[in-house]
Amino acid sequence: MADPLLDRDIAAAALAQVCAAAGPYVEALAERPVHDPAAAGSLAGIGGPLPEEGTGTTAAVDRLLAIGTATATASSGPRFFHFVTGGTTPAALAGDWTAALLDQNAFARVSSPFAHEVETVVLGWLRELFGLPAGWGGALVGSATFANFTSLGCATQWWGERHGADTVRDGLSGLPRMAVLSGGYVHASARKALQMLGHGRDAVQVCARDDVGRVDLVGIERRLIALDGAPAVLIANAGEVNAGDFDPVDALAELAERYGAWLHVDGAFGLFAALSPRSAHLVRGIDRAHSIAADAHKWLNVPYESGFALIREPGRLGTAFGMPGAAYLPGPRDPGGGYGLHGPESSRRARSLPIWATLTAYGRQGHRAMVERHLDLAQHLARRIDEAPELQRLADVPLCIVCFRVAPPGVPDEDLDRWNRAVGEALIADGRVFCGTTVYGGRVALRPAIVNWRSTVADVDLFVDVVRELAARTRAEP
Ligand SMILES: *Cc1c(COP(=O)(O)O)cnc(C)c1O
């Protein structure tokens, strides 16, 4: 029998086991493949029947570390260019361990004055980092999906109010469908947020002027006029996932102001363009938004799960997400209350700690330097692709994503789509570098994103070399 009480004196020793494994793991990240296909077999060791008699702490932690370090996807390493992922800075990782060590419930002041205070400081720092005016507030949530949910939850409450309804109390029944307008860059998670909020994912009316998805401002304005004064929600996409392009936030803000609409900005990673004077023009106008969603686990390089919503009228958070009183819980205006009453979650970990740690360790300038290095690396990658005769770049590179495909002259389009899918699959199976495919303007393409603090020119060069090698190999196959 392994009652944890019998094992309590080895808590520090168990953490030392993790520490001992951490050193070699993080040191190897710069060199190891993203995943080792040969290690996949050891995943089987994680399963088995529910243990009846436990193995005890030491053996359990040993097994978890052995299998985990062998089979984990090295997405915190420098050669993971899939999705838009980011790594974890040393300070952020240590901050995250501290959050686990202290195991605070960041529900409210009464559950943890410490977590509440750090969260208050961090929300203020994030607001400043992105150049938003005083008075804005926010919520730390698990992801950009939840940040979109939180933002659009506030928008829904506002929209109900405009209809003279209280959606927080009464829901949506009896109201018309909420009009949500966006360009073709709108992210699947914004649709998911609308689906969770009861509007349905098809509530978004997409106004795009081409097959890439660039926003059709005239089309949006036409629909706003047709609404004849009824409230609408506009979603501006600041950083689209295929090529890192931006909707013109300023122009959408103009429309929102003219027609009295709510402007939400999905800036999951693109919001970080604000950190450099070289890219800040891409997010011009965000201070005119009503809500902004972003991820710290992407370009701030903080561990998962770290999204945040920034809200111009933070009082709406408490209105939209306050809970009806349980006798034992603080109410929304109670001095013992806190952030659990200002967002979708109630009990939650102190996810402010890694953000606090990374901003304290490296400051605004350290994070700006990282963003600018990635801007440079993306331009370097674009050049390498332009120089390779069998590769074709499909889009400009305004930020940190390079959209391209394998396309030697003379190969028909249908074959190129099949070939590029094969290259994408071969990349994942190979594991030295990581990147996936997308469909951009109707063509299958690769879309590496550079947002990891560890990435260097050598990593980007290796990426190009591996793509060219696998392109040659997959072409030879029938
Ligand atoms: C990644 C991303 C999201 C969703 O983020 P999660 O943290 O995975 O929920 C939303 N919008 C955009 C533009 C993104 O890039």
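Every number for a ligand or one of its atoms is a count from 1 in the order of the listing.
- A perpendicular orientation is assigned to the rings of Phe272 and Phe308, their planes being inclined by more than 60° (bins at 30° and 60°).
- With hydrogens left out, the protein atom closest to atom 10 (C) of ligand 1 is Ser189 OG, 3.0 Å, a heavy atom.
- Remark: ligand 1 atoms within the under-4.0 Å shell around heavy atoms of Ser143 are 6 (P), 7 (O), 9 (O).
- A donor-acceptor contact shorter than 3.5 Å is absent between the side chain of Glu117 and the backbone of Ala115.
- A distance-only check finds a donor-acceptor pair linking the side chain of His374 to the backbone of Asn452 [under 3.5 Å].
- Salt bridge present: Glu119 and Arg348 bring a charged side-chain N and a carboxylate O closer than 4.0 Å.
- If you number the atoms of ligand 1 from 1 as listed, the ones under 4.0 Å from a heavy atom of Ala268 come out as 2 (C), 3 (C), 10 (C), 11 (N), 12 (C), 13 (C), 14 (C), 15 (O).
- Within the 4.0 Å heavy-atom cutoff, Asp295 counts among the residues contacting ligand 1.
- Between Ala144 and ligand 1, at least one N/O pair is under 3.5 Å apart.
- With a 4.0 Å heavy-atom cut-off, ligand 1 is reached by no atom of Phe146.
- In the vicinity of His297, heavy-atom distances shorter than 4.0 Å reach the ligand 1 atoms 7 (O).
- Residue contacts with ligand 1 for Thr145 involve both N, CA, C or O and side-chain atoms from C-beta outward (heavy atoms, distance under 4.0 Å).
- Listed by number with element, the atoms of ligand 1 under 4.0 Å from a non-hydrogen atom of Phe269 are 15 (O).
- Within ligand 1, counting atoms from 1 as listed, the ones closer than 4.0 Å to a heavy atom of Val241 are 15 (O).
- Contact annotation: Glu305 has no heavy atom less than 4.0 Å from any atom of ligand 1.
- Phe463 and Phe81 have perpendicular rings, their planes meeting at more than 60° on a 0 to 90° scale where under 30° would count as parallel.
- The pair Arg349-Glu305 fails the salt-bridge criterion, with no side-chain N (NZ, NE, NH1 or NH2) lying under 4.0 Å from an Asp/Glu carboxylate O.
- Using cut-offs of 30° and 60° on the angle between ring planes, the pair Tyr339 and His116 is parallel.
- Scanning the protein heavy atoms around atom 11 (N) of ligand 1, the nearest turns out to be Asp266 OD2, 2.8 Å.
- Distance alone, capped at 3.5 Å, is enough to place a donor-acceptor pair between the Thr319 side chain and the Gly315 backbone.
- Each of the atoms 1 (C), 2 (C), 3 (C), 4 (C), 5 (O), 14 (C), 15 (O) of ligand 1 lies under 4.0 Å from some heavy atom of Lys298.
- Remark: ligand 1 atoms within the under-4.0 Å shell around heavy atoms of Gly239 are 13 (C).
- Looking only at distances, a side-chain donor or acceptor of Arg351 sits under 3.5 Å from a matching main-chain atom of Leu140.
- In this structure, Gln157 contributes its side chain and Gly160 its backbone to no donor-acceptor pair below 3.5 Å.
- Ligand 1 does not have Gly307 within reach: every non-hydrogen atom of the residue lies 4.0 Å or more from it.
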